[in-house]
*Asks:* 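The structure under discussion is supplied below as structure tokens; questions concerning it will follow.
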There are 2 protein chains.
Amino acid sequence: MKRPTLKDVARKAGTSPMTVSRVVNNKPGVSEETKARITKAIEELGYKPHSDARSLRVGKTCRIGVVVSDIRNPFYAEMVGDIEDLAEKVGMTVIVTDTERKLKQEQRALEALYNSGVDSIIIAPEGYNVEHLEAYKKNGINIVSFGVHCPEGHFSEVWIDEITGAKKVGAYLASRGIEKAILVMGNPRKFTTRGRTEGFIQGFGKDPNRILHLPVNWQSAYKAVIKLDKLPEAFFCYNDIMALGVIKALREKGAIPGEDVAVVGYDDVFFAELSALTTVRIDKTRMVNTAFSLALSDVVEKIKFVPELILRKSA
Amino acid sequence: MKRPTLKDVARKAGTSPMTVSRVVNNKPGVSEETKARITKAIEELGYKPHSDARSLRVGKTCRIGVVVSDIRNPFYAEMVGDIEDLAEKVGMTVIVTDTERKLKQEQRALEALYNSGVDSIIIAPEGYNVEHLEAYKKNGINIVSFGVHCPEGHFSEVWIDEITGAKKVGAYLASRGIEKAILVMGNPRKFTTRGRTEGFIQGFGKDPNRILHLPVNWQSAYKAVIKLDKLPEAFFCYNDIMALGVIKALREKGAIPGEDVAVVGYDDVFFAELSALTTVRIDKTRMVNTAFSLALSDVVEKIKFVPELILRKSA
DNA sequence: CTGAAAGCGCTAACAT
DNA sequence: ATGTTAGCGCTTTCAG
């Protein structure tokens, strides 16, 4: 009942392990006849190559690590799903680590991935600190940063031009004659928070009434809006989830989102469309594809993606 | 720039690799003094154990595989997130595979996990076929089925009593005087579809007006409801996502969910609360905890979980 | 075309 | 308390 090995197959086929290895890896130099015998033995024993042993020998694991802040956030779930699709095609395995709830720090997540042996890592970093990323790069692990731009870092990136994206939101709201807006953002140390805030102000032409810095989940957004004495004309939220929290609160306060108050989200996750939420769309699929190719190549490239404003009923 | 090995550390500390190994694994039998020297060398070189090499030697990979139909479904994303939290605590690595979009078949997903070397697998199976699961069990891989009950299968399970759960929905709607209901379900070959349908009928006391068998996503539910000539008094949906699709369609038709038409979902994912959706709650956290322990133990147990009806505005 | 030898990094078992 | 030997399953290299 033990897992069969190359040797077992060799014995059964009456050859050496080496010849079996050649067959398994489609290497040339095996006569059709022995090949057939070996293939048959493989079938019968249900032999499958032992990938760890191979990795050890070859020095490549065919594993790719992904670091996201929370897999439960649909944006990241979709990203991970896309990466898995791509990985499957090229016979790689994906290992996901989330930092927000579990590891608390990217450092630990990266270390865990390094320890479990990955060839490359795609990471959606928080506010940062490049050095630790470059360290892994030097360890021979290919690093691709997803989302955040860090000009000095010597590793590949697919980054989002947050400023331009948020600017579109600000400009649109201003064009609708909106004067008073509240920003519902995340931690101000995050690059994303900063980019989205700054871009909004640029587009809006002036400061918003308030900027709330909250934990990134719908509950905190919901509570914050419930507590508000008077409502603004518009909310621009850090992501779609928080936007939904805002909408829930508005409804409970008797305000109709999209009529009384405009609400704009960010990410365009699947339920944004479902909820008729105006939001900023990132072309995730294309970004993921690019990130994945970069993860497998050894050139260093920094590729920019500009998000789009998607208008729906909520604004 | 190559990854340092035990040997490198040994050379640097002036000992044998074996002694270093003992220090790395906190094994007894090393004097404080050499231990200190070795620890220092480890620090300086930035040595990290090579887990594949260790796995090869020890025969355990400390990797756990998870098979779900779609990681993008929040129910599974939450499940995977919970598993990761648990795995991190015991120093294991999680490998996720989704079947719906990528591998199409559990068989292939399981094979992929087997090939990438996992100690155990937690699988949320679709309609099934036990044999292939038992095969892996025999290969020395511990299998835990998540969600579906399969009395004959010789592997552990944490299963959901779908019938009782759905019965509560049927009974509740009946008690509210509802006569005409439509079921928005998934593939009728799925165990879950069958259980939920049957349970509903038992609780409702009679057949629903219609049972729709649709692809499990909000779009299909939405379209189906849009096309409906006349609306029933209630919808019971396969999961929360489809329920939201129904709600979107109802709104567009000018019907108010929870007032004109009752809508009930299933799973209680995070946005069910957000959307005030009445739904059937599965105690996911407890289930995942149980599944995880079973995955690490070698007793075979089948543990039942009974879902609860959570009343919110939508019904 | 085929095989024997060596070794990837690690550790169990047995010395010393 | 420390070191030596052997070998996990595989593949690279070199020799037939």
Side-chain angles (χ1 to χ4, degrees), chain A residues 1-39 41-42 45-63 91 114-119 139-141, chain B residues 1-39 41-42 45-63 91 114-119 139-141:
Chain A
M1 224 75 296
K2 244 192 68 223
R3 181 176 185 134
T5 72
L6 265 193
K7 232 199 242 164
D8 297 331
V9 178
R11 190 168 24 240
K12 179 142 190 161
T15 66
S16 78
M18 199 45 237
T19 312
V20 180
S21 170
R22 289 197 180 91
V23 172
V24 170
N25 298 294
N26 282 314
K27 294 255 160 86
V30 184
S31 73
E32 282 307 317
E33 192 230 337
T34 39
K35 191 179 207 158
R37 227 169 50 243
I38 289 173
T39 316
I42 290 179
L45 291 173
Y47 168 79
K48 297 280 188 268
H50 190 299
S51 61
D52 284 352
R54 177 185 282 159
S55 300
L56 185 57
R57 191 63 246 252
V58 174
K60 287 241 160 234
T61 63
C62 292
R63 264 173 258 151
Y114 177 70
N115 292 343
S116 49
V118 292
D119 296 333
N139 269 297
I141 295 183
Chain B
M1 223 77 295
K2 245 193 70 226
R3 180 176 186 134
T5 72
L6 264 194
K7 234 198 240 163
D8 298 330
V9 178
R11 190 167 24 240
K12 179 142 190 160
T15 66
S16 79
M18 199 48 232
T19 312
V20 180
S21 170
R22 288 201 255 266
V23 172
V24 170
N25 298 294
N26 282 315
K27 294 255 159 91
V30 184
S31 74
E32 283 306 318
E33 191 230 339
T34 40
K35 191 180 207 155
R37 229 171 48 243
I38 290 173
T39 316
I42 290 179
L45 292 172
Y47 168 79
K48 296 280 187 271
H50 188 299
S51 63
D52 285 352
R54 179 185 281 158
S55 300
L56 186 57
R57 189 63 248 247
V58 174
K60 287 241 161 235
T61 63
C62 292
R63 265 173 258 150
Y114 177 69
N115 292 342
S116 50
V118 293
D119 295 334
N139 269 298
I141 294 183

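Order of the sequence lines sets the chain letters (A, B, ...), proteins ahead of strands, with each chain counted from 1. Quick note: numbers below take in every heavy atom, side chains included, and nothing from hydrogens, waters or symmetry partners. Predicted model only: the values in this text are computed from it and were never measured.
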*Asks:* In chain order, what residues pass the side chain to side chain donor-acceptor pair (under 3.5 Å) check against Arg54(B), with sequence neighbours excluded?
*Replies:*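 Arg54(B) satisfies side chain to side chain donor-acceptor pair (under 3.5 Å) with Asn25(B) only.
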*Asks:* Measure the angle between the two terminal helix axes of the helix from dC1(C)-dG16(D) to dT16(C)-dA1(D), five base pairs each, and quote it to 10°.
*Replies:*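 Answer for the end axes of this duplex: 40°.
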*Asks:* Restricting to side chain to side chain donor-acceptor pair (under 3.5 Å), what partner residues turn up for Lys35(B), sequence neighbours left out?
*Replies:*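 If we apply the side chain to side chain donor-acceptor pair (under 3.5 Å) test to Lys35(B), skipping adjacent residues, there are no hits.
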*Asks:* Only pairs at least two apart or in different chains count here, so list each salt bridge (Lys or Arg N to Asp or Glu O under 4.0 Å) that has a residue in residues 10-20 of chain A.
*Replies:*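 Counting only pairs at least two positions apart or across chains, the salt bridge (Lys or Arg N to Asp or Glu O under 4.0 Å) contacts touching residues 10-20 of chain A are Asp8(A)-Arg11(A), Lys12(A)-Glu44(A).
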*Asks:* Enumerate the residue pairs fulfilling salt bridge (Lys or Arg N to Asp or Glu O under 4.0 Å) with a member in residues 19-32 of chain A, sequence neighbours excluded, ordered by first and then second residue.
*Replies:*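 As it turns out, there is no salt bridge (Lys or Arg N to Asp or Glu O under 4.0 Å) pair with a partner in residues 19-32 of chain A once direct neighbours are skipped.
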*Asks:* Apply ring pair (Phe, Tyr, Trp, His ring centres under 6.0 Å) to Tyr47(A) and list each qualifying residue two or more places apart in sequence or on a separate chain.
*Replies:*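 By the ring pair (Phe, Tyr, Trp, His ring centres under 6.0 Å) rule, Tyr47(A) matches no residue at all.
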*Asks:* For Lys7(A), which residues count as a side chain to side chain contact (heavy atoms under 4.5 Å, CB included) partner, sequence neighbours excluded?
*Replies:*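 Result, side chain to side chain contact (heavy atoms under 4.5 Å, CB included) vs Lys7(A): Thr5(A), Pro17(A).
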*Asks:* How would you summarise protein contacts on nucleotides 8-16 of chain C per nucleotide, using B for base, S for sugar-phosphate only and - for none, with heavy-atom distances below 4.0 Å?
*Replies:* BBBBBB---
*Asks:* Tell me, please, which residues at least two apart from Thr19(A) pass side chain to side chain donor-acceptor pair (under 3.5 Å).
*Replies:*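 Ser16(A).
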*Asks:* Partners of Thr61(A) by side chain to side chain contact (heavy atoms under 4.5 Å, CB included), sequence neighbours excluded?
*Replies:*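 Listed in chain order: Ser55(A), Arg63(A), Asp119(A), Asp52(B).
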*Asks:* With heavy atoms under 4.0 Å as the rule, sort Ser55(A) into base, sugar-phosphate or nothing.
*Replies:*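 No contact at all - Ser55(A) keeps every heavy atom at 4.0 Å or more from the nucleic acid.
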*Asks:* Between which nucleotides of DNA chain D, read 5' to 3', does contact with chain B run, using atoms under 4.0 Å from its heavy atoms?
*Replies:*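 The protein-touched segment is dA1(D) to dG9(D).
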*Asks:* What heavy-atom pair brings Lys48(A) and Arg3(A) nearest, and what distance separates the two atoms?
*Replies:*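 Distance-wise, the nearest heavy atoms are O-NH2, 3.6 Å.
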*Asks:* With Thr39(A), which residues qualify under side chain to side chain donor-acceptor pair (under 3.5 Å), at least two apart?
*Replies:*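 For Thr39(A), no residue satisfies side chain to side chain donor-acceptor pair (under 3.5 Å) once neighbours in sequence are set aside.
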*Asks:* What is the distance, to the nearest angstrom, from the CZ atom on Arg37(A) to the C1' atom on dT2(C)?
*Replies:*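 After rounding, the reported distance stands at 11 Å.
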